[in-house]
Amino acid sequence: MRRPRGELGSRAPRPTEGATCAGPGESWSPSPNSMLRVLLAAQASAAQLSGLLLLPPIQPFCLGPSKWGDRPPGGGPRAGPAQGLQRLLEQARSPGELVRWLGQNPTKVRAHHYPVALRRLGQLLGSQPQPPPVEQTSLQDLSQLIIRNCPSFDIHTIHVCLHLAVLLGFPSDAPLVCALERERRFRLPPKPPPPLQPVLRGGQRLEAALSCPHFLRHPQQHLIRSLAEARPEELTPHVMVRLAQHLARHRLREPQLLEAIAHFLVVQEAQLSSKVVQKLVLPFGRLNYFPLEQQFMPCLERILAREAGAAPLATVNILMSLCQLQCLPSRALQFVFSPSFISHISGTPHAPIVRRYLSLLDTAVELELPGYQGPRLPRRQKVPIFPQPLITDRARCKYSHKDIVAEGLRQLLGEEKYRQDLTVPPGYCTDFLLCVSSSGAVLPVRTQDPFLPYPPRSCPQGQAASQPTTQDPAQRVVLMLQERWHFCRDSRVLLGSRALRERHLGLLGYQLLPLPFEELESQRGLHQLKSYLRQKLQALGLRWGPEGG
């Protein structure tokens with residue numbers, strides 16, 4: 001029997017990938033310009049602003065969770081008739097057809113279909129400055145459908161529909177918005193009415209947006225880029241600090257915005273304290289990015305000279321960021337290594353962290369500044385720099401490749417021929433360490449001293465400090481796991497702390513063998529991983545087993 005038009009089961013092409021919702025007369029996609037216009041609108045309260053930023057960019061509900069990303073809000077529908085209806089809604093050619101698909105399949109309609117319909121509605125209206133009368137009728141019909149069914153929506157679906165309705169241009173007193181808002185308030189627990197909030201303008205608006213809890217948790221790169229286009233008078237120190245912290249927290253290496261922060265620091269130098277400067281400089285070291293702004297370093301040197309004594313912890317934090325950039329000002333080093341500074345910080349609550357940072361700075365001086373003639377950190381003040389895996393690695397251990405690489409090395413070499421998580425002087429934790437003879441044979445670690453001397457043995461006159469010498473014929477090879485979170489987001493640039501560790505281990509004389517996450521992820525099972533490790537080790541000239549000793 002012929003199926004009536006509009007019922008499920010009729011064939012429809014797949015929706016175009018990457019389609020975005022559009023509002024009347026413009027693309028709905030939260031592009032930098034449109035998001036900035038929302039933030040800098042003529043009138044907005046803090047509550048309204050937080051509401052607009054409450055949800056992340058709407059994703060197609062048919063997409064499942066990725067291995068490394070977050071699960072789409074509310075999950076996704078199961079495959080079946082409901083998903084078939086979703087595809088039909090995404091391919092609707094007019095508002096009237098949207099209403100027909102929803103009206104003719106009442107048993108197949110689910111709550112998540114209504115946000116899909118609203119998103120498709122925005123796409124359809126994007127190319128029509130003014131919808132014709134027949135489409136206006138369809139809009140009213142779709143609104144009535146949502147109003148009639150919204151009591152059965154969960155709170156997430158209500159939020160999404162309300163979000164889309166606002167972006168589509170429905171006024172605040174429209175029946176659809178009123179019904180959704182009423183349901184939203186009904187689901188929320190009762191609370192006392194909030195005090196009247198002042199209208200926010202200019203930089204205050206940006207501060208409120210950047211203080212939104214959702215923005216603090218999620219790397220909304222489209223909004224970050226849009227803020228780089230804001231007017232200078234709107235970029236207050238508080239706004240710039242929020243942006244810098246967000247970039248560092250989410251590993252967002254955005255050159256345009258980083259340059260804007262560097263320029264702001266130079267222009268506002270006289271008004272900035274070292275406590276603010278340490279937060280502005282943080283993303284440069286963490287993201288391993290040295291700005292093009294020519295006055296960046298001279299400005300920081302002047303600030304350190306002016307305020308180093310007033311804020312010891314901020315001073316050391318600034319130097320830590322510069323250490324990651326391989327840019328240490330000699331005058332500031334002489335100050336923090338002076339007996340008076342060390343004595344001053346010894347009795348403060350933050351003395352342990354400052355001593356660790358000073359130990360790292362002293363290591364950088366030892367390895368990277370052979371011409372430095374100033375004071376150094378006394379030996380009795382030195383502590384291990386990073387004696388255990390970093391917090392990020394411990395938090396993401398279930399995503400790490402360390403366990404399977406350890407098993408591959410165990411089966412390939414034997415347990416006695418490698419050490420895992422060994423901390424070598426001056427305090428760097430290594431993933432895996434091998435001892436190798438001059439002929440390339442992998443030696444049992446228990447028969448060797450796995451540590452190279454620190455400080456490195458003095459070099460002959462004129463030899464670079466980056467070429468340490470040792471009389472020990474055994475070579476130390478460090479296998480470095482390079483996981484996804486060791487890099488800036490969507491980039492092949494190592495984070496500053498990772499680049500610093502690899503740089504220092506190389507200067508100490510360890511031979512580094514990086515194991516990038518792309519190569520590790522491409523191995524299917526332990527057998528392939530062992531073949532991969534065998535090729536990597538043999539490429540270095542390493543031998544093991546009966547013929548290798």
Side-chain angles (χ1 to χ4, degrees), residues 262 274 277-278 281 284-285 288-309 312 314-345 354-386 424-428 451-472 494 496-512:
S274 56
V277 172
Q278 68 174 338
V281 175
F284 295 98
N288 203 1
Y289 181 88
F290 193 88
L292 300 176
E293 173 61 59
Q294 296 183 356
Q295 291 300 312
F296 180 73
M297 277 304 300
C299 172
L300 289 179
E301 292 182 16
R302 290 191 296 269
I303 293 174
L304 287 171
R306 185 181 73 223
E307 297 202 17
T315 298
V316 177
N317 281 334
I318 295 172
L319 287 176
M320 281 293 297
S321 294
L322 295 180
C323 180
Q324 293 173 340
L325 296 174
Q326 292 181 268
C327 226
L328 286 172
S330 177
R331 184 177 176 183
L333 288 174
Q334 293 178 18
F335 177 82
V336 298
F337 288 144
S338 66
S340 59
F341 182 87
I342 295 174
S343 175
H344 174 67
I345 62 99
V354 173
R355 288 178 60 193
R356 179 168 294 179
Y357 286 176
L358 290 179
S359 299
L360 190 148
L361 291 173
D362 189 78
T363 299
V365 169
E366 177 72 43
L367 299 176
E368 300 180 357
L369 295 180
Y372 176 79
Q373 299 296 325
R376 295 279 298 277
L377 185 66
R379 184 177 297 274
R380 67 179 183 277
Q381 296 284 350
K382 294 182 181 180
V383 296
I385 302 172
F386 300 113
V424 300
Y428 284 112
F451 306 123
L452 289 176
Y454 180 81
R457 293 168 185 167
S458 58
C459 300
Q461 186 68 25
Q463 182 174 352
S466 61
Q467 299 174 349
T469 60
T470 176
Q471 302 302 318
D472 191 342
L494 275 172
S497 58
R498 296 287 168 178
L500 177 70
R501 182 178 71 151
E502 293 193 8
R503 186 167 72 244
H504 283 185
L505 287 174
L507 291 172
L508 286 167
Y510 295 92
Q511 185 171 3
L512 306 182

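Looking only at side-chain heavy atoms (C-beta outward), Cys327 and Met297 come within less than 4.5 Å of each other. In this structure, the side chains of Glu366 and Pro456 come closer than 4.5 Å at one or more pairs of heavy atoms. Residues Asn288 and Gln324 fail the side-chain proximity criterion, which asks for heavy atoms closer than 4.5 Å. Residues Leu325 and Tyr289 are not in side-chain contact: their nearest non-hydrogen atoms beyond the backbone lie 4.5 Å or more apart. In this structure, the side chains of His504 and Glu368 come closer than 4.5 Å at one or more pairs of heavy atoms. Residues Val354 and Pro312 form no side-chain contact, since every pair of their non-hydrogen atoms from C-beta on lies 4.5 Å or further apart.
Contacts classified as side chain to side chain donor-acceptor pair (under 3.5 Å) and involving residues 295-308 (residues at least two apart or in different chains) are given here: Glu269-Arg302, Ser274-Glu307.
One side chain, Ser330 or Gln334, offers a donor N or O that lies under 3.5 Å from an acceptor on the other.
Under the salt bridge (Lys or Arg N to Asp or Glu O under 4.0 Å) criterion, Arg355 pairs with no residue at all, not counting sequence neighbours. In this view, Phe296 and Phe284, Phe290 satisfy the ring pair (Phe, Tyr, Trp, His ring centres under 6.0 Å) rule, not counting sequence neighbours.
In plain terms, the two heavy atoms of Phe337 and Val365 that are nearest each other are CE1-CG2, 4.1 Å. Between Leu500 and Tyr428, the shortest heavy-atom distance links the atoms CG-OH, 4.2 Å. Ala332 and Leu319 make their closest contact through CB-CD2, 3.8 Å (heavy atoms, listed as atom of the first residue, atom of the second, distance). The two atoms that bring Pro329 and Leu304 nearest to each other are CG-CD1, 4.1 Å, heavy atoms only. Of all non-hydrogen atoms in Pro425 and Phe451, the two that sit nearest each other are CD-CD2, 3.5 Å. For Asn317 against Gln278, the heavy-atom pair with the smallest separation is ND2-OE1, 2.7 Å.
Distance check, rounded to the nearest 0.5 Å: CD1 of Ile342 to CZ of Arg380 gives 8.0 Å. Distance check, rounded to the nearest 0.5 Å: CG of Leu367 to CG of Leu505 gives 9.5 Å. Rounding to the nearest 0.5 Å gives a distance of 12.5 Å between CG of Leu360 and CZ of Arg501. Rounded to the nearest 0.5 Å, atoms CD1 (Ile385) and OG1 (Thr363) are 3.5 Å apart. Interatomic distance, Arg503 CZ to Cys323 SG, rounded to the nearest 0.5 Å: 6.5 Å.
Judged by distance alone, the side chain of Ser359 and the main-chain N or O of Lys382 form no donor-acceptor pair under 3.5 Å. Formation of a donor-acceptor pair under 3.5 Å by the Thr315 side chain with backbone atoms of Ala308 is found in this model. Looking at Ser343, its side chain never comes within 3.5 Å of a backbone N or O of Ser340 through a donor-acceptor pair.
Of the residues Leu328, Leu358, Leu377, the one that meets the side-chain contact (heavy atoms from CB on, under 4.5 Å) test with Leu333 is Leu328.
Counted within 6.0 Å of OH on Tyr357, heavy atoms from surrounding residues, nucleotides or ligands total 12 or fewer; the atom is thus considered open.
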For a side-chain contact (heavy atoms from CB on, under 4.5 Å) check, start with the C-alpha distance between Val316 and Phe341, then their side-chain angles and the critical distance, and finish with the verdict. CA-CA 11 Å; Val316 177; Phe341 182 87; 3.9 Å; yes
